[in-house]
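Okay, structure first, notes after.
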Amino acid sequence: MTKIPLAKDGTNNTIPVSIAKKMTAAFRESQKADAGTFTEAAWFPAEQIKKLAEKVAKFEGDGVRIYFARYTQEIIDSINKLEYGDKIPDKYIDMNTVLLVVTKVVDGKPKTDYFIDNDVEQEPICDDEDPNPTDPENRANLCPTECDEKSELM
């Protein structure tokens with residue numbers, strides 16, 4: 001078997017499903033809640049992933065950082081007051097989620113979270129553009145609400 005060194009550029013970073021199964025099982029075991037009450041997965045539509053990749057290119061990013069986060073009623077209400085984007089269902093209260101943030105080299109430091117005018121809403125350039133193009137991506141469909149029950153990782 002030939003060893004492939006870690007590439008650091010994001011290539012050859014897949015893992016076998018057998019290891020992924022162990023990882024998701026370890027996560028489920030670490031939860032201090034009953035099965036079905038914590039987030040097991042987050043699904044993002046292809047168009048949102050493509051748009052994120054376009055942002056990485058547009059802002060000369062060096063990657064994407066994934067933050068683990070959690071919904072509360074206050075947070076859901078705040079998101080749902082925004083005039084853009086998908087609404088978050090109340091059934092997501094106390095569920096975990098992820099935030100996807102473009103990173104880039106800033107002042108010589110790689111992998112720096114990149115935000116423009118954080119928390120300042122701007123007019124979109126066109127109708128399908130985000131008001132704040134460097135704000136974190138969110139609003140995935142969460143499992144256990146929407147799952148692939150037959151997935152080997154469940």
Side-chain angles (χ1 to χ4, degrees), residues 1-17 19-33 38-90 92-143 145-146 153:
M1 181 169 143
T2 305
K3 277 194 156 185
I4 300 173
L6 186 60
K8 298 286 185 193
D9 63 355
T11 60
N12 298 324
N13 284 340
T14 63
I15 59 171
V17 171
I19 295 173
K21 286 169 66 172
K22 291 176 185 175
M23 292 172 72
T24 56
F27 172 78
R28 286 191 300 276
E29 288 172 18
S30 75
Q31 299 307 294
K32 306 287 187 220
F38 58 87
T39 310
E40 296 183 56
W43 178 87
F44 289 91
E47 285 305 312
Q48 188 172 3
I49 299 298
K50 288 178 192 174
K51 199 170 181 182
L52 180 62
E54 290 169 3
K55 286 181 187 183
V56 171
K58 176 180 178 181
F59 297 112
E60 299 176 346
D62 60 1
V64 173
R65 178 168 284 111
I66 300 174
Y67 283 95
F68 302 101
R70 190 170 185 89
Y71 289 119
T72 65
Q73 184 66 62
E74 179 184 355
I75 291 167
I76 290 171
D77 291 346
S78 296
I79 291 171
N80 289 344
K81 286 180 185 172
L82 297 172
E83 295 179 10
Y84 59 90
D86 298 332
K87 301 301 181 200
I88 305 297
D90 283 342
Y92 285 5
I93 294 170
D94 295 332
M95 291 185 72
N96 300 328
T97 187
V98 293
L99 304 173
L100 309 173
V101 177
V102 172
T103 65
K104 67 180 283 180
V105 177
V106 176
D107 296 329
K109 185 177 181 237
K111 303 175 196 161
T112 301
D113 291 356
Y114 184 64
F115 306 107
I116 298 173
D117 294 328
N118 197 19
D119 287 333
V120 176
E121 194 165 325
Q122 303 170 21
E123 289 297 316
I125 296 169
C126 60
D127 288 341
D128 65 344
E129 187 171 322
D130 291 334
N132 296 313
T134 60
D135 277 356
E137 289 286 332
N138 181 239
R139 308 182 204 210
N141 295 121
L142 300 180
C143 174
T145 303
E146 297 184 37
L153 302 181

field: Side-chain donor/acceptor of Asn80 to backbone N/O of Lys87, under 3.5 Å
entry: no
message: Donor-acceptor pair, distance only, cut-off 3.5 Å: does the side chain of Asn138 make one with the backbone of Val98?
response: yes
Taking the side chain as C-beta and beyond, is there a heavy-atom pair between [X] and [Y] under 4.5 Å?
| X | Y | answer |
| --- | --- | --- |
| Thr72 | Glu74 | yes |
| Tyr71 | Asp94 | no |
| Ile66 | Leu100 | yes |
| Ile76 | Tyr92 | yes |
| Thr97 | Leu142 | yes |
| Gln48 | Asp86 | no |

query: How far apart are the closest heavy atoms of Thr112 and Arg65, and which atoms are they?
result: C-NH1, 4.5 Å
field: Nearest non-hydrogen partners of Gly61 and Val102, listed with the distance
entry: CA-CG1, 4.3 Å
message: If the threshold is 4.0 Å, N to carboxylate O, is there a salt bridge linking Lys55 and Glu137?
response: yes
Step-by-step salt bridge (charged side-chain N to carboxylate O under 4.0 Å, His left out) determination, Glu47 to Lys50: CA-CA 5 Å; Glu47 285 305 312; Lys50 288 178 192 174; 3.3 Å; yes
How long is the span from the [atom1] atom in [X] to the [atom2] atom in [Y], to the nearest 0.5 Å?
| X | Y | atom1 | atom2 | result |
| --- | --- | --- | --- | --- |
| Ile88 | Leu82 | CD1 | CG | 9.5 Å |
| Glu40 | Arg28 | CD | CZ | 6.0 Å |
| Leu99 | Asp135 | CG | CG | 10.5 Å |
| Tyr84 | Arg139 | OH | CZ | 6.0 Å |

task: Take Phe44 and Leu52, measure what side chain to side chain contact (heavy atoms under 4.5 Å, CB included) needs, and give me the verdict at the end.
output: CA-CA 11 Å; Phe44 289 91; Leu52 180 62; over 6 Å; no
task: Examine Lys104 relative to Tyr114 and say whether NZ or CZ is less than 6.0 Å from the centre of the six-membered ring and inside a 45° cone about the ring axis.
output: yes
